[in-house]
Amino acid sequence: MPLSDHIRDVPDFPKPGIVFKDISPLLASREATREAVRAMAEPYRANPPEAILAVEARGFLFAVPLAMELGCGVVLVRKPGKLPAATTAVEYALEYGNDMLEMHADALTKGQKVLIVDDVLATGGTVAACADLARQTGAEVIAAAFLIELTFLNGRDKLGDLPVSAAITY
């Protein structure tokens, strides 16, 4: 069964006109989750990252098993005020206003190869901000991996030449 068969469309969520891609059925299936992690890891097996930058919150769900598959650690990227030690931050533009992301200031090192992981690539703004955050530390962002890419939202356009992979595309 294709992975996309485990994604539920929820019309008009979180607001009218949006069709939300619910990953809950995929996560409820041990086999589908295992296959999703395997598919997300495949492009990076030959040249694995040294760290995975996990985007809050659903990116966390895939980052840890993916890190286990690829033999690396996980660095958490969170909203402000959620991390206990000293942080570094990046502010980025949203459709209406700005937002901010943080990670621990000592989480990455200069030259460290980093893979950004999240559940969905939509408009690309959050992932672009994560890449900026990692680059502030001198880390090398090698790619971004997603469970789902919503190609009609053109999220790749905000990521420049950063390689992108997704297990499922719509």
Side-chain angles (χ1 to χ4, degrees), residues 1-7 21-79 82-85 87-90 101-151 155-156 158-170:
M1 175 182 293
L3 287 175
S4 59
D5 289 353
H6 295 276
I7 305 299
K21 298 296 186 187
D22 181 14
I23 65 172
S24 299
L26 182 134
L27 294 171
S29 166
R30 179 182 65 216
E31 295 81 13
T33 300
R34 184 178 295 133
E35 176 56 25
V37 170
R38 188 209 60 74
M40 290 174 73
E42 195 56 40
Y44 311 102
R45 288 188 194 282
N47 187 21
E50 296 170 300
I52 289 178
L53 200 61
V55 182
E56 184 175 356
R58 291 185 304 263
F60 295 177
L61 299 171
F62 297 97
V64 172
L66 191 55
M68 293 171 68
E69 282 279 319
L70 296 173
C72 64
V74 174
V75 173
L76 304 179
V77 174
R78 304 209 59 194
K79 299 287 184 186
K82 301 291 186 181
L83 294 169
T87 61
T88 184
V90 64
L101 295 171
E102 295 181 337
M103 71 176 183
H104 282 129
D106 61 355
L108 297 174
T109 59
K110 185 174 181 173
Q112 191 173 16
K113 292 186 206 172
V114 176
L115 174 66
I116 299 170
V117 172
D118 203 357
D119 65 326
V120 176
L121 173 59
T123 61
T126 301
V127 177
C130 287
D132 290 345
L133 189 59
R135 290 178 184 128
Q136 284 179 17
T137 69
E140 177 190 348
V141 181
I142 61 167
F146 304 91
L147 173 65
I148 298 169
E149 180 181 4
L150 303 176
T151 57
R156 287 182 188 231
K158 283 198 178 155
L159 305 180
D161 60 355
L162 184 67
V164 172
S165 65
I168 304 167
T169 56
Y170 291 101

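- With sequence neighbours left out, the side-chain hydrogen bond (donor to acceptor under 3.5 Å, both in side chains) criterion links Q136 to T88.
- Atoms OG1 and CG, from T33 and L27 in turn, are 5.0 Å apart once rounded to the nearest 0.5 Å.
- Residues that satisfy the salt bridge (Lys or Arg N to Asp or Glu O under 4.0 Å) test with K158, not counting sequence neighbours, are absent from this structure.
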Side-chain donor-acceptor pairs under 3.5 Å in residues 58-75, sequence neighbours left out?
residue : atom : partner : partner atom : Å
R58     : NE   : D119    : OD2          : 2.5
R58     : NH2  : D119    : OD2          : 3.4
E69     : OE1  : R45     : NH1          : 3.1
E69     : OE1  : R45     : NH2          : 2.7

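- The distance from atom CD of E140 to atom CZ of R135, rounded to the nearest 0.5 Å, is 9.5 Å.
- Counting all heavy atoms, side chain and backbone alike, A144 lies closest to L115 at N-CD1, 3.9 Å.
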Identify each donor-acceptor pair in which a side-chain atom of residues 159-170 lies under 3.5 Å from a protein atom, sequence neighbours left out, and give them as a table.
residue : atom : partner : partner atom : Å
S165    : OG   : Y44     : OH           : 2.6

For the pair V141 and L53, evaluate side-chain contact (heavy atoms from CB on, under 4.5 Å) and give the outcome as yes or no after the intermediate values. CA-CA 9 Å; V141 181; L53 200 61; 5.9 Å; no

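- Not a single salt bridge (Lys or Arg N to Asp or Glu O under 4.0 Å) links E50 to another residue, sequence neighbours left out.
- Legend: residues meeting salt bridge (Lys or Arg N to Asp or Glu O under 4.0 Å) with K82, ordered by chain and number and at least two apart, are absent.
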Applying side-chain contact (heavy atoms from CB on, under 4.5 Å) to L76 and E56, what does each step give before you reach the verdict? CA-CA 7 Å; L76 304 179; E56 184 175 356; over 6 Å; no

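- Residue T137 holds its OG1 atom at 11.5 Å from CG of D132, rounded to the nearest 0.5 Å.
- Across all non-hydrogen atoms, the minimal contact from L3 to A32 is CD2-O, 3.5 Å.
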Worked check of side-chain contact (heavy atoms from CB on, under 4.5 Å) between L121 and L150: CA-CA 6 Å; L121 173 59; L150 303 176; over 6 Å; no

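- With sequence neighbours left out, the side chain to side chain contact (heavy atoms under 4.5 Å, CB included) criterion links A89 to M100, E102.
- The closest side-chain heavy-atom distance from H104 to P84 is below 4.5 Å.
- Here the NZ atom belonging to K21 is positioned 7.5 Å from the CD1 atom belonging to I148, to the nearest 0.5 angstrom.
- Within the model, atoms CE of M40 and CG of L147 stand 6.0 Å from one another, a figure rounded to the nearest 0.5 Å.
- With sequence neighbours excluded, the residues that form a side chain to side chain contact (heavy atoms under 4.5 Å, CB included) with P2 are S4, D5.
- The CG atom of L101 sits 10.5 Å away from the CG atom of L83 when rounded to the nearest 0.5 Å.
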Report the C-alpha separation of R34 and E31 in whole Å, then their side-chain angles, then the decisive distance to 0.1 Å, and conclude whether the salt bridge (Lys or Arg N to Asp or Glu O under 4.0 Å) test is met. CA-CA 5 Å; R34 184 178 295 133; E31 295 81 13; 5.6 Å; no

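- Under the side-chain hydrogen bond (donor to acceptor under 3.5 Å, both in side chains) criterion, D22 pairs with R8, S24, sequence neighbours left out.
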